[in-house]
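By convention here, the first residue in the shown sequence is residue 1.
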Amino acid sequence: METGISSRCSSLTVGERICAAFIPFVAIFEIVILALVDCFEYRPSPKRFRCGFRDLARLADETTFTVNEVEALHELFKKLSSSIIDDGLIHKEELRLALFQTPSGENLFLDRVFDVFDEKKNGVIEFEEFVHALSVFHPHASAEDKIDFAFRLYDLRQTGYIEQEEVKQMVIAILMESDTSLSEELVEAIVDKTFADADADMDGRISKDEWKAFVQRNPALLKNMTLPYLKDVTTVFPSFVFNTEVED
């Protein structure tokens with residue numbers, strides 16, 4: 001049995017092995033956004049909150065999005081932030097509802113995604129945090145930002161290191177919420193071989209520098225940290241395009 005597992009893992013490149021962990025994560029993000037877009041209907045309201053142009057311009061300067069794209073993301077944000085509590089903030093229950101169609105239940109993947117989005121660590125996701133996080137997946141986002149985001153996602157205990165058990169827990173949690181199925185033995189083998197390649201000083205954990213070096217040796221990893229259609233998110237919101245008052 002062990003020989004079979006080793007043979008399967010050996011047939012995969014280093015990049016392919018670690019990509020097996022990231023593909024379900026990115027796929028779920030894509031499914032969530034497209035699902036929201038699919039049911040999105042623009043309904044103007046006399047009490048509708050609008051970000052000021054200065055706020056939009058500031059977020060565009062801070063990210064890879066244009067001003068129009070930031071405003072389009074605001075429409076998506078409102079869809080998420082009003083699904084349970086209409087307070088202009090995304091609560092964990094609302095993100096859980098968007099991801100898994102249920103507002104209750106425990107999920108490690110959800111907890112990590114929410115924690116990484118919640119920059120201020122105040123228990124909610126604000127609009128600017130939402131834009132900052134999605135910007136990481138933009139095709140024009142820097143490799144440094146993508147590497148850092150992925151590192152923080154897997155650093156469950158927020159110690160500044162990625163440990164084997166943390167990676168295993170995240171991979172299992174992600175696979176449980178996707179159509180990807182791997183045996184526990186294969187997951188163990190993937191994690192073991194990944195650490196053998198990435199843990200340069202062999203101390204049983206991956207530092208930020210080791211992670212960066214590992215990704216630089218395997219640039220294919222970053223392909224799975226990109227959502228191509230974020231280049232022009234306004235085209236995903238046809239009803240928004242005809243209502244926007246902002247011109248880039």
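- Judged purely by distance below 3.5 Å, without hydrogens or angles, the side chains of Asp199 and Gln164 never pair a donor atom with an acceptor atom.
- Remark: the Asp145 side chain and the Ser142 side chain contain an N/O donor-acceptor pair separated by less than 3.5 Å.
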Check against side-chain contact (heavy atoms from CB on, under 4.5 Å), Ser83 and Leu97: CA-CA 8 Å; Ser83 60; Leu97 180 63; 4.0 Å; yes
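- Note: Phe137 and Phe149 have perpendicular aromatic rings, judged against thresholds of 30 and 60 degrees for the angle between ring planes.
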Going through the distances and angles, do His132 and Leu59 end up as a side-chain contact (heavy atoms from CB on, under 4.5 Å)? CA-CA 8 Å; His132 288 163; Leu59 286 172; 3.8 Å; yes
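- Grouped by direct or indirect side-chain proximity (heavy atoms under 4.5 Å, Ile/Leu/Val/Met/Phe/Trp/Tyr only), Met202 sits alone.
- Glu128 CD to Leu73 CG: the interatomic distance, rounded to the nearest 0.5 Å, is 13.5 Å.
- When all heavy atoms of Leu156 and Gln169 are compared, the closest pair comes out as CD1-OE1, 3.6 Å.
- Within 6.0 Å of atom CZ in Arg157, more than 12 heavy atoms from other residues, nucleotides or ligands are found, so the atom counts as buried in its surroundings.
- Ring planes of His74 and Phe77: parallel class, angle under 30° (limits at 30 and 60°).
- Residues Thr226 and Lys146 bring a donor and an acceptor atom of their side chains to less than 3.5 Å of each other.
- Think of Tyr161 as one node in a network of Ile, Leu, Val, Met, Phe, Trp and Tyr side chains linked at under 4.5 Å; it has no links at all.
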